[in-house]
Amino acid sequence: MIYEQLVLLGGGLALGILLDLLFGDPPNRYHPVSWLGKLIKSITPNLKYRGATISSISREEIERVNGILFSCGLISGIALLIIAIASLTFTGILITLILFAVLLKVSIALKGMEKSAIKIIRSIETGNLEEARYSLSMIVRRDTSSLNEEYIQSATIECISESTVDGIISPLFFYSILGPVGCIAFRAVNTLDSMLGYRDPYYKDIGWMSAKLDTIFNFLPARITGLLMVVSAYMVQADWRNSLAILIRDHYRTTSINAGYPMSSMAGALRVRLEKMGSYALGEGTDFLTVDKCFLAIKIMKITTVLFCLVFSLPLILVLSYLGWWNLIFGI
């Protein structure tokens, strides 16, 4: 039984990552995360309160409750659905292995992040900054219309660093604890935050819970990622000592309590200054920002992923198998 569980969870982990590296993300019309995004978008207007004001309850409080109920209900519903699918389809180890791998694959975006970053890098190499700004705007929230080459490269490396957490390590973290239920539930949390977790007057209350959940879910993965990036820097002969020093010094400087960990670690490893104008600056900037630094950031992202699987995911899956954890969740 334990051997079977290791094959399913460990094999699903390896095969899911391999599928992502080989095929990347499918077109949006076929991607479950895109379907989820459309569902959230269709329901969002209904979370806004347009009725008469109640004297004892503010409009903001009503919208916050609506957002809490919606986000928690959606995440719980998706988790229960995945449990039901995994339990009902357990008719053979091969079918279940493929199911686990596919569910993990749709929750991670290693190839997708690499592809997006390289598209920006190639535009910079050809001197087409307008195209680089447009491609960058597809993966960041900030205004990219006036960014120069240096700031485009900085934002690209920042995105690679932060996406290593919420696009790769966090899904793997929750897969390691809860199997495909965990990674899909995390993807639901992250999608909710990306669509509702804004601070403007329209979203700040209905998206409050989504933003809080995303912060909570990424808390441990962000810190683990920051440390593993130091090890990755050593493995690619980057400046691992500076990576650790900048991680310790600058991790708190970002608005997000999580984003600063991978970004400061990456800034130190590359010996560059990562800056979002008017918000934060990480690292010393000993070296210039170049496309080679962007490529090195992608390499560190990949090695960090492998290290996480080897030192965290696989050992935890093994321990939980011996404890009978997977029997409790999936009945396997």
Side-chain angles (χ1 to χ4, degrees), residues 3-27 30-34 82 85-86 93-118 139 159-191 217-218 220-222 224-229 231-232 235-236 262 266 295-321 326 329-330:
Y3 171 77
E4 191 173 70
Q5 293 172 359
L6 289 176
V7 170
L8 287 176
L9 276 300
L13 175 71
L15 183 57
I17 294 174
L18 179 61
L19 287 174
D20 184 69
L21 289 173
L22 289 176
F23 302 108
D25 293 327
Y30 301 123
H31 203 306
V33 175
S34 178
I82 297 301
I85 292 173
I93 191 168
L94 180 59
I95 294 175
T96 309
L97 171 62
I98 293 172
L99 174 66
F100 281 20
V102 170
L103 290 173
L104 176 62
K105 183 266 164 289
V106 301
S107 72
I108 61 176
L110 175 55
K111 185 67 173 182
M113 185 64 250
E114 179 184 21
K115 185 177 179 180
S116 296
I118 288 178
I139 58 174
C159 193
I160 292 168
S161 306
E162 191 171 5
S163 293
T164 303
V165 177
D166 57 25
I168 306 169
I169 301 301
S170 285
L172 294 177
F173 178 90
F174 289 102
Y175 177 90
S176 306
I177 298 172
L178 296 169
V181 179
C183 63
I184 295 297
F186 170 78
R187 184 50 57 210
V189 169
N190 190 245
T191 304
F217 273 57
N218 281 309
L220 284 177
I224 295 170
T225 301
L227 291 173
L228 288 179
M229 281 183 170
V231 181
S232 299
M235 295 178 70
V236 299
M266 185 73 82
F295 279 119
L296 186 53
I298 294 172
K299 192 172 183 179
I300 290 175
M301 173 183 70
K302 290 181 176 180
I303 294 177
T304 298
T305 301
V306 174
L307 286 175
F308 184 83
C309 291
L310 293 177
V311 305
F312 184 88
S313 292
L314 291 176
L316 184 58
I317 288 170
L318 176 61
V319 170
L320 293 178
S321 297
W326 307 115
I329 299 179
F330 300 110

side-chain hydrogen bond (donor to acceptor under 3.5 Å, both in side chains) partners for Ser116, two or more places apart: none

Contact check, side chains of Arg187 and Val33, non-hydrogen atoms, under 4.5 Å: yes

Keeping the roles fixed (side chain from Thr305, backbone from Met301), state whether a donor-acceptor pair exists under 3.5 Å. yes

Nearest heavy-atom neighbours spanning Leu97 and Gly11: CD1-C, 3.3 Å

Phe312: ring pair (Phe, Tyr, Trp, His ring centres under 6.0 Å) partners, not counting sequence neighbours: Phe173, Phe308

Salt bridge (Lys or Arg N to Asp or Glu O under 4.0 Å) partners for Asp166, two or more places apart: none

Does Thr225 have any side-chain hydrogen bond (donor to acceptor under 3.5 Å, both in side chains) partners at least two apart in sequence or in another chain, and if so, which? none

Quick check for you: to the nearest 0.5 Å, what is the distance between Ile317 atom CD1 and Leu9 atom CG? 5.0 Å

Between Ile160 and Ala297, which heavy-atom pair has the shortest distance, and what is it? CG2-O, 3.7 Å

Could you grab the distance from atom CD1 of Ile177 to atom CG of Leu220, nearest 0.5 Å is fine? 8.0 Å

If you look only at pairs with a residue in residues 296-319, which of them pass as a salt bridge (charged side-chain N to carboxylate O under 4.0 Å, His left out), with sequence neighbours excluded? Glu114-Lys302

For Cys159 and Met113: C-alpha separation, side-chain torsions, deciding distance, then whether side-chain contact (heavy atoms from CB on, under 4.5 Å) applies. CA-CA 8 Å; Cys159 193; Met113 185 64 250; 4.0 Å; yes

What verdict does the side chain to side chain donor-acceptor pair (under 3.5 Å) test give for Thr304 and Ser232, after you've listed the backbone C-alpha separation in whole Å, the side-chain angles of each residue and the deciding distance to 0.1 Å? CA-CA 6 Å; Thr304 298; Ser232 299; 2.9 Å; yes

Give the minimum heavy-atom separation between Gly10 and Leu314, together with the two atoms involved. CA-CD2, 4.1 Å

To the nearest 0.5 angstrom, please state how far the CD1 atom of Ile108 sits from the CG atom of Leu19. 8.5 Å

Can you tell me how far the CG atom of Leu6 sits from the CG atom of Leu320, to the nearest 0.5 Å? 10.5 Å

Show me the side-chain donor-acceptor pairs of residues 179-186 shorter than 3.5 Å, one per line, residues at least two apart or across chains.
none

Working to the nearest 0.5 Å, report the span between CG of Leu94 and CG of Leu99. 11.5 Å

Just to verify, what does Ser107 make a side-chain hydrogen bond (donor to acceptor under 3.5 Å, both in side chains) with, not counting sequence neighbours? none

Measure the spacing between OG of Ser170 and CZ of Phe217 and express it to the nearest 0.5 Å. 9.5 Å

Check Pro262 against Val165 and note the closest heavy-atom contact, atom names and distance. CG-CG2, 3.6 Å

Nearest heavy-atom contact between Leu104 and Gly16 is CD2-CA, 4.2 Å

Sorted by first residue and then second, give each side chain to side chain donor-acceptor pair (under 3.5 Å) pair with at least one member in residues 174-185; sequence neighbours left out. Ser176-Ser313

Which residues pass the side-chain contact (heavy atoms from CB on, under 4.5 Å) test with Pro315, not counting sequence neighbours? none

Heavy-atom distance under 4.5 Å between the side chains of Ile118 and Ile298, does that happen here? yes

Show every salt bridge (charged side-chain N to carboxylate O under 4.0 Å, His left out) that has at least one partner inside residues 100-110, sequence neighbours left out. Asp20-Lys105, Asp25-Lys105

Does Val231 have any side-chain contact (heavy atoms from CB on, under 4.5 Å) partners at least two apart in sequence or in another chain, and if so, which? Met235, Leu307

Minimum side-chain heavy-atom gap Thr164-Met229 below 4.5 Å: yes

So which heavy atom on Ile168 is nearest to which on Ala109, and how close? CG1-C, 4.4 Å

Could you tell me which residues satisfy side-chain hydrogen bond (donor to acceptor under 3.5 Å, both in side chains) with Ser161, sequence neighbours excluded, listed by chain and number? none

Below 4.5 Å, heavy atoms only, C-beta onward: do Leu228 and Val311 meet side chain to side chain? yes

